[in-house]
Amino acid sequence: MKSIRNYNSPNLKSLIGNTPLIKISPHIYAKLETYNPSGSLKDRMVNYVVERARIFGKITDGSILVEATSGSTGISLAMMAASLGLQCVIFMPKNMSQERRQMMKAYGAKIIDAPPNDFKGAVIMRDQYLLANDRAWSPKQFTNKYNILCHQNSTAPEIHKQVIDTKHKWSAFVQGSGTGGTIEGVRKYIEVNNLRTKICLTRPAEENHGIQGISIDSGVLFNPDNADRIIEIDTSSAIERSKLLAQQTGILVGISSGANLLASEKYVETMNPDGVVVTMLCDRGERYMSVYGQQN
């Protein structure tokens, strides 16, 4: 077996991050995270966390990469495992989109189902697997502080520079929260650099929602009390906004991206900012086609 040092070529790493900031409207810009190699924002966090685990010897030849996920982190981890020549095991609620599951399997990952919508159950299953397998390692995305640092040290300054290049003021950042890593990392960057940028949390309107990738309880890493504003979006509206973006621009994105766009538009309408609002187009829409088809 080759050493993992011979895998994960610099070419893969060079494709992660540095995504375009595209203009949606005069006051709204969005980071097109579909440019990442597996097609989502989660590539950033997974690469950041895995690299540090390799440096500190927590991931070695024969390691098994394991995670509980709603989908995109699992896809990113499966991609990374494939590039390292390692096995990958994913625990996820069985009602997540089939396309996400198919992508993980295409990378060679094994999927173990948790009950529908039971993310806590998936985490428990992951933790039991870790205890039973000495070779298993997990990024533990819901509690890993490197998840925050990834976005504080790379995503946020990347956004800031791109906004400066537009010659506009960065008035607000709008983002849903799954683990909370992205929004908390950007919030910390804004705080440390004494920016006046407001933080707006996109939150599902329904308790049993279908906006895969974001959570009604905002995850562990982000405290919703630190949001300057919280905007609730219902699932059907998020889906329709995603589909409308595809029809108007040719850019096909996921459900959480539609929710972020709607929240950004509501923020602009309500707050009338004197600068631009930045949001995230978190992942590609192809992994939700079975969901989108049900809405026709």
Side-chain angles (χ1 to χ4, degrees), residues 1-2 4 7-9 11-13 15-16 33-50 53-54 59 61-130 132-133 135-142 178-179 210-214 239 242 252-257 282-294:
M1 179 183 292
K2 294 181 181 179
I4 60 172
Y7 287 88
N8 199 14
S9 70
N11 290 333
L12 178 63
K13 297 179 192 176
L15 297 174
I16 297 174
E33 292 299 300
T34 64
Y35 267 53
N36 287 305
S38 86
S40 89
L41 170 66
K42 295 297 186 178
D43 286 358
R44 294 176 181 265
M45 180 275 292
V46 168
N47 179 63
Y48 193 91
V49 173
V50 167
R54 289 177 64 194
I59 295 176
D61 296 337
S63 290
I64 304 170
L65 307 191
V66 180
E67 188 54 292
T69 173
S70 67
S72 287
T73 296
I75 294 169
S76 295
L77 191 66
M79 174 192 72
M80 195 63 62
S83 75
L84 292 168
L86 300 176
Q87 297 178 57
C88 182
V89 178
I90 300 297
F91 297 89
M92 65 187 297
K94 67 186 302 181
N95 62 320
M96 295 298 99
S97 72
Q98 287 300 312
E99 291 84 357
R100 285 180 167 196
R101 301 164 71 86
Q102 290 164 0
M103 287 182 70
M104 292 178 215
K105 289 180 179 179
Y107 284 121
K110 177 181 179 181
I111 299 174
I112 299 177
D113 288 333
N117 296 315
D118 189 2
F119 293 104
K120 290 182 179 179
V123 171
I124 291 171
M125 293 168 70
R126 177 203 68 189
D127 290 346
Q128 290 174 338
Y129 187 93
L130 289 169
N133 292 270
R135 294 189 295 123
W137 173 90
S138 175
K140 294 188 176 181
Q141 61 170 333
F142 295 97
T179 64
I211 307 177
Q212 298 180 37
I214 66 175
I239 290 173
S242 297
L252 185 62
V253 295
I255 304 170
S256 63
S257 300
C282 302
D283 59 8
R284 292 181 190 145
E286 290 94 330
R287 62 192 73 185
Y288 304 97
M289 295 311 298
S290 59
V291 177
Y292 288 166
Q294 294 172 6

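None of these values were measured; they are calculated from a predicted model. The first residue in the sequence is number 1, and the count goes up from there.
- Between the side chain of Arg100 and the backbone N or O of Arg287 there is no donor-acceptor pair closer than 3.5 Å.
- Each of Val49, Leu130, Val66 was scored for a side-chain contact (heavy atoms from CB on, under 4.5 Å) with Lys140, with one residue passing: Leu130.
- If you take OG on Ser72 and CE on Met104, they are separated by 7.5 Å, rounding to the nearest 0.5 Å.
- The closest donor-acceptor contact from the side chain of Asp43 to the backbone of Ile16 lies at 3.5 Å or more, if one exists at all.
- From Tyr107, atom OH reaches atom OG of Ser83 across 9.5 Å, with rounding to the nearest 0.5 Å.
- No side-chain heavy atom of Lys105 sits less than 4.5 Å from a side-chain heavy atom of Gln102.
- Here the CD1 atom belonging to Ile111 is positioned 11.5 Å from the CZ atom belonging to Phe91, to the nearest 0.5 angstrom.
- A heavy-atom distance below 4.5 Å is not found between the side chains of Asp283 and Ile75.
- Atom CZ of Arg135 and atom CG of Leu65 lie 11.0 Å apart (nearest 0.5 Å).
- For Tyr292 against Gly285, the heavy-atom pair with the smallest separation is CE1-O, 4.1 Å.
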What donor-acceptor contacts under 3.5 angstrom involve side-chain atoms of residues 114-126, with partners at least two apart or in another chain?
| from | atom 1 | to | atom 2 | distance (Å) |
| --- | --- | --- | --- | --- |
| Asn117 | OD1 | Asn95 | ND2 | 2.9 |
| Asp118 | OD1 | Gly121 | N | 2.7 |
| Arg126 | NH1 | Glu67 | OE1 | 2.8 |

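- Taking CD1 of Ile59 as the start and OG of Ser138 as the end, the distance is 9.5 Å to the nearest 0.5 Å.
- By the side-chain hydrogen bond (donor to acceptor under 3.5 Å, both in side chains) test, Thr73 pairs with Gln141, sequence neighbours left out.
- Panel note: side chain Ser257, backbone Cys282; a donor-acceptor pair is recorded below 3.5 Å.
- Interatomic distance, Met45 CE to Ser76 OG, rounded to the nearest 0.5 Å: 7.0 Å.
- Side-chain contact between Thr69 and Lys42 is absent, with no heavy atoms from C-beta onward closer than 4.5 Å.
- Put simply, the side chain of Glu286 does not reach to within 4.5 Å of the side chain of Glu99, judged on heavy atoms.
- When each of Val46, Thr179, Leu77 is checked for a side-chain contact (heavy atoms from CB on, under 4.5 Å) with Pro139, only Leu77 meets the rule.
- Looking at heavy atoms from C-beta onward, Tyr288 lies out of side-chain contact with Ser242 at the 4.5 angstrom threshold.
- Looking at Asn133, its side chain does come within 3.5 Å of a backbone N or O of Tyr129 through a donor-acceptor pair.
- Taking all atoms of both residues into account, the shortest heavy-atom contact from Ser290 to Gln98 is OG-N, 4.2 Å.
- Residues Pro37 and Leu12 form a side-chain contact, since some pair of their non-hydrogen atoms from C-beta on lies under 4.5 Å apart.
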